[in-house]
Amino acid sequence: MEPYKAAIPIQEALRRGEGKVTLRGWIHRKRVLKEKIFILLRDSTGVIQLVLPRDKFKDLEDLNLESALVVTGALVKEPRAPGGVEMHVESVDWVYRGEPYPINEDAVAADSEYLLDVRHLWIRSRKMQAVLKIRHTVFGAIHEYFRKNGFYEVHPPMFITAAVEGGATLFKVQYFDKIVYLTQSSQFYLEALIYGLEKVYTIAPSFRAEPSRTRRHLTEFWHAEMEIAWAGMEDAVLVGEGVISHVVEKVLDERQEELRLLGRRIEPLEKAKPPFYRVSYDEAVDILQKKGFKIGWGDDIGADEERALSQDFDKPIVLYGFPEKVKAFYHRNNPRRPEVTLSFDVLLPEGYGEVIGGGERIYQAEELIEKIKRFGLNPQDYWWYIDLRRYGSVPHSGFGLGVDRLTMWIVGADHIRDVVPFPRDVRRTAP
Ligand code: 4AD
């Protein structure tokens, strides 16, 4: 028999609880007792207990975990089985005998380096299944939010020629006979696209040659970015609150089972409703000084400071009004207080820290050229970005949201790697 025989999803079998059906999946657990073999069969929808009479299925006793099976049998209600239903197997229609499986989910769960080495297999685990389903919902909800709110989805290039977020973290790529870079952010392209479409967004990979290994940095991450014409910083903040709260609501609606499997406390998620707290950079420096941090006005707010700040608040914080020198050159300076920019970050609670960076952009050509020079950069590298300011430029604002970081907080992961199927960091490019 070929393994394509019509089968029903395990979730559907658990729902039906009776009747004869065919199931297919992989062996998640196996116990051989005196008279019976118990197998927990897993598919993409759930797990079910299979009960096989040992005398009839003698040759299946030594099946290794993750071997694949197609089985037919009767569903029976059994309160002691996971999901309350088990299958009494009548025939095993197809088997793929796996070699001894190198991962024991219970034993290795703590050894993240080993699990990264066998990532191509670990993504089958119940834990990664739950994370990846939540990630799927997160991406879907971001698209849904932007599309429902009048944004057009656009597709900027990944090969670029000038830094958006500083030269230090650019990846060089040999591009025929010249060197180009992998994009750090699609922002400049979104800024170009607002002149035709006014409200645009994209979800795309961004690349940063981050030399340090931290729990929230990848070298390749998924970036949801948006840009709106005729908009100030506060307009972008409202979109940021809107998209985060929509994503969280969607996950709470659709992924309770996965959150439970991951042991995630849901109270912090339930609280993530607008308005988020607003904290100015000045206030943040005060708070941090009172907490004993050696930070002065003008210093950047680093990861430790962010963690300390976000621990005091039970929902996300909008931190705004950063000094010019700690933010990228494109941020518009506040005309009433030029030493600070119309920029903001959104920090997630429970110590997770920054998930969004954005603000209002400089929209006048002269002001932009001056600031590029003040930052020690070469206006020629930004020729087309400056050009955008020559033809009907308007005030505009936008942001970038780190989708992996948002997912990390939603699932309550300790490390950003735990929410990405094949994470890339300074040491790891395989599997
Ligand atoms: O604050 P960042 O660097 O802002 C920008 O790139 C802007 N150009 C975006 C824009 O306005 N269109 O990055 C935005 C977000 C961060 O808040 C963070 O969530 C995420 O991108 N991010 C990373 N996520 C994982 N690994 C990294 N190395 C990241 N660098 C930034």
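We use all heavy atoms of the structure for the numbers below, so side chains are in, but hydrogens, waters and symmetry mates are not. Whatever order the structure lists them in is the order used to number ligands and atoms, beginning at 1.
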Kindly confirm or rule out an N or O of Leu218 lying under 3.5 angstrom from an N or O of ligand 1. yes

Can you list the atoms of ligand 1 that are under 4.0 Å from a heavy atom of Ile356? 17 (O)

Looking at Tyr385 versus Phe188, is the centre-to-centre ring distance below 6.0 Å? yes

Do we see a donor-acceptor contact under 3.5 Å between the side chains of Thr45 and Asp43? yes

Considering both backbone and side-chain atoms of Gly402, is one of its nitrogen or oxygen atoms within less than 3.5 Å of a nitrogen or oxygen in ligand 1? yes

Of all protein heavy atoms, the one nearest atom 11 (O) of ligand 1 is Arg361 NH2, 2.9 Å

At a 4.0 Å threshold, what atoms of ligand 1 neighbour a non-hydrogen atom of Tyr330? 7 (C), 8 (N)

Do we see a donor-acceptor contact under 3.5 Å between the side chains of Thr341 and His331? no

Sort out for me which residue in Leu121, Asp117, Leu116 forms a side chain to side chain contact (heavy atoms under 4.5 Å, CB included) with Arg119. Leu116

State the atoms of ligand 1, each with its element, that fall below the 4.0 Å cut-off from a heavy-atom position in Glu210. 28 (N)

Does a donor on one side chain and an acceptor on the other come within less than 3.5 Å for Tyr330 and Glu165? yes

If we count only N and O atoms by modelled type, under 3.5 Å, do the side chains of Tyr352 and Arg216 hold a donor and an acceptor together? no

Please name the residue in the list Leu69, Val70, Ile8 that meets the side chain to side chain contact (heavy atoms under 4.5 Å, CB included) test with Leu23. Ile8

Aromatic ring proximity Trp122/Tyr114, centre distance under 6.0 Å: no

Give the ring-plane orientation class for Tyr189 versus Trp384, where under 30° counts as parallel, over 60° as perpendicular and anything between as tilted. tilted

Closest non-hydrogen atom pair, Ile203 against His143: CD1-NE2, 3.4 Å

Could an N or O of ligand 1 be found under 3.5 Å from any N or O of His217, whether backbone or side chain? no

Quick one: does Lys327 get a heavy atom under 4.0 Å from ligand 1? no

Using a 4.0 Å cut-off to any heavy atom of Glu225, which atoms of ligand 1 qualify? 9 (C), 10 (C), 12 (N)

Numbering the atoms of ligand 1 from 1, which are under 4.0 Å from a heavy atom of Ile416? 25 (C)

of all protein heavy atoms, closest to atom 31 (C) of ligand 1 is Phe221 CZ, 3.5 Å

Going by heavy atoms, is Leu406 under 4.0 Å from ligand 1? no

Quick one: does ligand 1 sit under 4.0 Å from the side chain of Arg216, the backbone, both or neither, non-hydrogen atoms only? backbone

Options Glu354, Met226, Glu227, Arg208, ranked by nearest heavy atom to atom 17 (O) of ligand 1, top entry: Glu354

Any Val355 heavy atom less than 4.0 Å from ligand 1: yes

Among all protein heavy atoms, pick out the one at the shortest distance from atom 18 (C) of ligand 1; state its residue, atom name and that distance to 0.1 Å. Arg405 NH1, 3.5 Å

Trace of the salt bridge (Lys or Arg N to Asp or Glu O under 4.0 Å) decision for Lys250 with Glu144: CA-CA 10 Å; Lys250 201 84 188 166; Glu144 186 179 77; 3.3 Å; yes

Atom 5 (C) of ligand 1 sits nearest the protein heavy atom Glu165 OE2, 3.1 Å

Any N/O pair Gln184/ligand 1 closer than 3.5 Å: no

Looking only at the aromatic ring of each residue, does the gap between the centers of Trp230 and Tyr363 stay below 6.0 angstrom? no

Ranked by distance from atom 15 (C) of ligand 1, the top protein heavy atom is Gly400 O, 3.6 Å

